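Each remark here refers to the structure printed beneath this line.
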There are 2 protein chains.
Amino acid sequence: MLDQNSRLRPISKIALQRLPYYLNYLKKKQKEAVKNISAPMIANGLSLNEVQVRKDLAIVSANGGKPKTGYVIDILIGDLEKFLGYDNVNQAVLVGVGQLGKALLSYKGFDDYGLEIVAAFDTDQNKLDLTINDKCIFHMDKLKDLCERLKIHIGIITVSAVNAQAVCDQLIECGVLAVWNFAPVHLKVPEHILVQDENMASSLAVLSRHLAETIEKTN
Amino acid sequence: MLDQNSRLRPISKIALQRLPYYLNYLKKKQKEAVKNISAPMIANGLSLNEVQVRKDLAIVSANGGKPKTGYVIDILIGDLEKFLGYDNVNQAVLVGVGQLGKALLSYKGFDDYGLEIVAAFDTDQNKLDLTINDKCIFHMDKLKDLCERLKIHIGIITVSAVNAQAVCDQLIECGVLAVWNFAPVHLKVPEHILVQDENMASSLAVLSRHLAETIEKTN
DNA sequence: TAGATTGTTAATCGATTAACAATC
DNA sequence: TAGATTGTTAATCGATTAACAATC
């Protein structure tokens with residue numbers, strides 16, 4: 001139960017990352033006209049432990065659930081969206097307009113998660129002044145001016161591994177507080193800056209190993 | 001130290017995901033003509049604990065390091081690449097040729113990680129028989145035939161959240177053993193099937209919260 | 001009332017970090 | 001030899017899961 005006049009409730013990163021799964025599941029159930037839902041039900045739907053679900057929801061839920069009936073689904077969805085900050089929009093810039101950069105620029109779904117990419121940057125002359133999904137592509141020269149003027153706090157890095165650290169340094173110089181890094185490198189940043197890695201090489205390592213183990217077992 | 005005639009060395013998922021970072025760092029140093037490298041050096045370069053680095057390398061390295069000098073960088077790189085299976089190629093199919101699917105199809109870098117996307121599938125008539133980066137796009141009808149014929153073990157899901165579970169079920173039906181899931185949903189799969197999630201909604205939750213916390217502190 | 005479910009405290013598990021002997 | 005570094009055992013830390021009283 002979350003008291004009204006509280007500050008931000010502490011939550012671990014790993015728990016935080018589970019919340020969008022709850023939200024997705026609850027919205028699905030909501031569409032099926034389900035009105036109440038219990039932790040054991042959610043746990044079953046998402047293959048989680050039911051105590052874990054209850055603990056996660058205790059952080060998020062303003063008024064908690066009721067024994068026997070569980071949580072009111074509409075209220076719980078609202079609490080999750082509020083906790084995840086989907087109501088207030090965070091603006092971001094994207095650096096590196098390659099295939100992946102273009103894909104992220106084109107993606108319309110970020111609105112739902114409270115993210116707005118306001119502009120993209122690249123050094124390639126051929127890409128400049130193009131528009132993708134109504135987002136302009138500027139030269140890196142203009143990064144600082146735009147970020148400071150619009151008080152941008154999120155930088156998305158979709159440049160190659162070799163350039164990622166330099167771009168990261170520039171973004172921080174421009175006042176960015178959180179970096180979404182798609183380059184397969186470790187970025188060194190000051191203590192108060194957050195780097196969220198989306199490292200496909202790491203994911204592929206997990207996939208490849210699972211296959212190796214599975215195939216070994218069948219021998 | 002890894003004895004020659006061993007089976008696959010056990011490793012935790014979280015340690016496995018660190019290995020590509022080591023590899024990237026070592027290759028960078030190799031380019032700088034560094035010949036030997038120590039765990040404390042790597043730990044410093046990647047902002048990790050040095051004991052953790054040594055334990056990770058102990059799993060991967062065939063002959064270990066030497067006190068005082070550390071590891072021979074060329075050998076360690078070879079050991080890592082072998083451990084990660086970058087020498088033998090895993091074939092994959094991709095389902096869902098939207099913006100993200102196209103970006104992944106276009107990406108040339110997967111070769112380096114031992115992944116080859118052999119074909120893509122969609123249900124949209126307009127996308128069929130197109131070719132992206134030499135990869136054909138087929139109708140879902142042809143999924144099973146192709147997967148079974150080529151013995152495909154990896155399925156990449158880049159369809160929308162609502163369709164992801166159905167696509168996942170089909171892939172498993174086709175003999176896929178590991179699923180790389182870009183849809184922001186939890187997929188239910190049999191025990192022996194691995195799902196590796198690339199959930200951008202989870203990442204955004206982390207970014208958004210960091211901003212909320214940082215901004216709260218400045219008030 | 002009976003029992004499903006909540007919220008929370010205690011126990012377990014796994015990963016990280018500290019301590020330390022061995023060695024090049 | 002002296003000391004940096006290795007590999008490993010022990011201690012710590014945090015997250016997950018089990019146990020249980022409270023309650024609708």
Side-chain angles (χ1 to χ4, degrees), chain A residues 1-3 6 9-19 21-22 25-26 29 34-73 75-76 79-80 83 186 202 205-206 209, chain B residues 1-3 6 9-19 21-22 25-26 29 34-73 75-76 79-80 83 186 202 205-206 209:
Chain A
M1 220 189 294
L2 185 69
D3 71 286
S6 70
R9 279 228 156 178
I11 186 170
S12 70
K13 180 180 170 181
I14 202 162
L16 189 55
Q17 291 185 107
R18 281 192 294 267
L19 300 188
Y21 287 94
Y22 295 139
Y25 177 79
L26 293 173
K29 288 293 162 190
V34 175
K35 294 298 169 201
N36 291 278
I37 197 141
S38 68
M41 260 189 277
I42 298 171
N44 180 55
L46 297 176
S47 314
L48 297 172
N49 178 286
E50 70 170 78
V51 181
Q52 188 168 63
V53 173
R54 240 180 272 125
K55 285 199 172 175
D56 288 345
L57 295 186
I59 298 173
V60 165
S61 169
N63 298 306
K66 281 208 179 71
K68 190 101 169 145
T69 54
Y71 304 82
V72 177
I73 208 164
I75 293 174
L76 191 51
D79 287 343
L80 270 162
F83 193 94
H186 169 74
S202 289
V206 176
R209 172 127 281 240
Chain B
M1 221 188 292
L2 186 68
D3 70 285
S6 69
R9 281 229 156 178
I11 187 170
S12 70
K13 180 180 169 181
I14 201 161
L16 189 54
Q17 291 185 105
R18 280 193 294 267
L19 300 188
Y21 287 95
Y22 296 138
Y25 177 79
L26 293 173
K29 289 291 161 191
V34 176
K35 293 299 169 201
N36 291 278
I37 196 139
S38 67
M41 258 189 279
I42 299 172
N44 180 54
L46 297 176
S47 315
L48 296 172
N49 179 287
E50 71 170 80
V51 181
Q52 186 168 63
V53 173
R54 241 181 270 124
K55 285 200 171 173
D56 288 345
L57 295 185
I59 299 173
V60 164
S61 169
N63 299 305
K66 281 208 179 69
K68 192 109 171 129
T69 54
Y71 304 82
V72 178
I73 208 163
I75 293 174
L76 191 51
D79 287 344
L80 269 163
F83 193 94
H186 169 73
S202 289
V206 177
R209 174 128 278 243

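Keep in mind that the numbers below use all heavy atoms, side chains included, and drop hydrogens, waters and symmetry copies. As the structure is a computational prediction, the values presented were derived from the model and not from experiment. Throughout, a chain's letter reflects where its sequence line sits, starting with A, and its residues are numbered from 1.
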Quiz item: Nearest nucleotide by nearest heavy atom, which residue falls closer to the 5' end of DNA chain D, A:K68 or B:I37?
Solution: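 Its nearest nucleotide lies further toward 5', so the answer is B:I37.
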Give the rounded distance in Å between these two atoms: [atom1] of [X] and [atom2] of [N].
X     : N      : atom1 : atom2 : value
B:Q52 : D:dT6  : CD    : C1'   : 17 Å
B:K55 : C:dA15 : NZ    : C1'   : 9 Å
B:L57 : D:dT6  : CG    : C1'   : 11 Å
A:N36 : C:dA4  : CG    : P     : 17 Å
B:I42 : D:dG7  : CD1   : P     : 11 Å
B:K13 : C:dC13 : NZ    : P     : 21 Å
B:I14 : D:dT16 : CD1   : C1'   : 14 Å
B:N63 : C:dC24 : CG    : C1'   : 16 Å

OP1 or OP2 of [N] under 4.0 Å from side-chain N/O of [X]:
X     : N      : result
B:Y71 : C:dC24 : no
B:R54 : D:dT6  : yes
A:R18 : D:dA15 : no

Exercise. Using Watson-Crick or G-U wobble geometry with both distances below 3.5 Å, tell me the partner of D:dT12, or none.
Key: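 Partner of D:dT12: C:dA15.
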Quiz prompt | Pair assignment for D:dC24, Watson-Crick or G-U wobble, requiring both distances under 3.5 Å | solution =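 C:dG3 is the nucleotide pairing with D:dC24.
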Quiz item: Just by distance, do the side chain of B:S38 and the backbone of B:G70 share a donor-acceptor pair under 3.5 Å?
Solution: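 Side chain of B:S38 to backbone of B:G70, a donor-acceptor pair under 3.5 Å: no, none is there.
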Quiz item: Using a cut-off of 4.0 Å on non-hydrogen atoms, how would the nucleic acid contact of A:K66 be classed: base, sugar-phosphate, or nothing?
Solution: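 The residue A:K66 makes sugar-phosphate contact but no base contact.
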Practice problem: Answer with base, sugar-phosphate or nothing: what part of the nucleic acid does A:A39 contact at a heavy-atom distance below 4.0 Å? | Solution: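 Sugar-phosphate only.
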Between [options], spot the one nearest the side chain of [X], thanks.
X     : options                : value
A:S38 : C:dT6, D:dA4, C:dT17   : C:dT6
B:N49 : C:dA18, D:dT17, C:dT23 : C:dA18
A:V51 : D:dT6, C:dT17, D:dA18  : D:dA18

Quiz item: Do A:R54 and A:Y71 meet the cation-pi criteria used here (NZ or CZ under 6.0 Å from the six-membered ring centre, within 45° of the axis)?
Solution: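 No, A:R54 does not sit over the ring of A:Y71.
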Practice problem: Kindly indicate whether the side chain of B:L76, heavy atoms from C-beta on, has any atom under 4.5 Å from the side chain of B:Y22. | Solution: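 No, side chains not in contact.
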Quiz item: Is there a side-chain contact between B:N36 and B:I73 (heavy atoms, below 4.5 Å)?
Solution: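 Side-chain contact under 4.5 Å: no.
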Quiz prompt | Value rounded to 0.5 Å, distance of CZ in A:R18 from CD in A:Q52 | solution =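 Between atom CZ of A:R18 and atom CD of A:Q52 there are 3.5 Å.
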